[in-house]
Amino acid sequence: METTKRLTRSSTDKKIAGVCGGLAEYFGIDSTLVRLLFVLVALLPGPGLLLYIVLWIIMPES
């Protein structure tokens, strides 16, 4: 039986919406690193915060 990885929001490792926890589970890295990266991207000029909101909307919850 083959299992496929799906990108979903985490229901267990979440602070706001589970987006960073879901990305960390998908890529197999620590969720703290993903959260720090999102904070840095959100503070820089550009679509960082908008990207988080879009991922929150389109990623299904696990």
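Heavy atoms only: backbone and side chains are in, while hydrogens, waters and symmetry mates are out.
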Yes or no on side chain to side chain donor-acceptor pair (under 3.5 Å) for Glu25 and Ser10, after CA distance, side-chain angles and deciding distance? CA-CA 8 Å; Glu25 288 173 7; Ser10 176; 3.1 Å; yes
Students should find that the hydrophobic cluster of Leu37, defined by side-chain heavy atoms under 4.5 Å apart, otherwise consists of Val41
Indicate if Leu50 and Ile58 have the same hydrophobic cluster label, given that clusters are the connected sets of ILVMFWY residues with side-chain heavy-atom separations under 4.5 angstrom. yes
Once you round to the nearest 0.5 Å, how far does CG of Leu23 lie from CG of Asp13? 11.0 Å
Ignoring hydrogens, what is the shortest heavy-atom contact between Cys20 and Ser31? Give both atom names and the distance. O-CB, 4.5 Å
Do Ile16 and Val34 share a hydrophobic cluster (ILVMFWY, side-chain heavy atoms under 4.5 Å, transitive)? yes
Given side chains that start at C-beta, do those of Tyr26 and Thr8 come closer than 4.5 Å, heavy atoms only? no
Check whether Val39 and Phe27 end up in the same hydrophobic cluster, where Ile, Leu, Val, Met, Phe, Trp and Tyr are linked by side-chain heavy atoms less than 4.5 Å apart. no
Could you tell me which residues satisfy side chain to side chain contact (heavy atoms under 4.5 Å, CB included) with Leu40, sequence neighbours excluded, listed by chain and number? none
Close side-chain approach of Phe38 to Leu55, heavy-atom, < 4.5 Å: yes
Is there a side-chain contact between Arg9 and Lys14 (heavy atoms, below 4.5 Å)? no
Which heavy atom of Leu7 sits nearest a heavy atom of Gly22, and at what distance? CD1-O, 4.1 Å
Minimum-distance pair of heavy atoms, taken over all atoms of Gly18 and Tyr52: N-OH, 4.3 Å
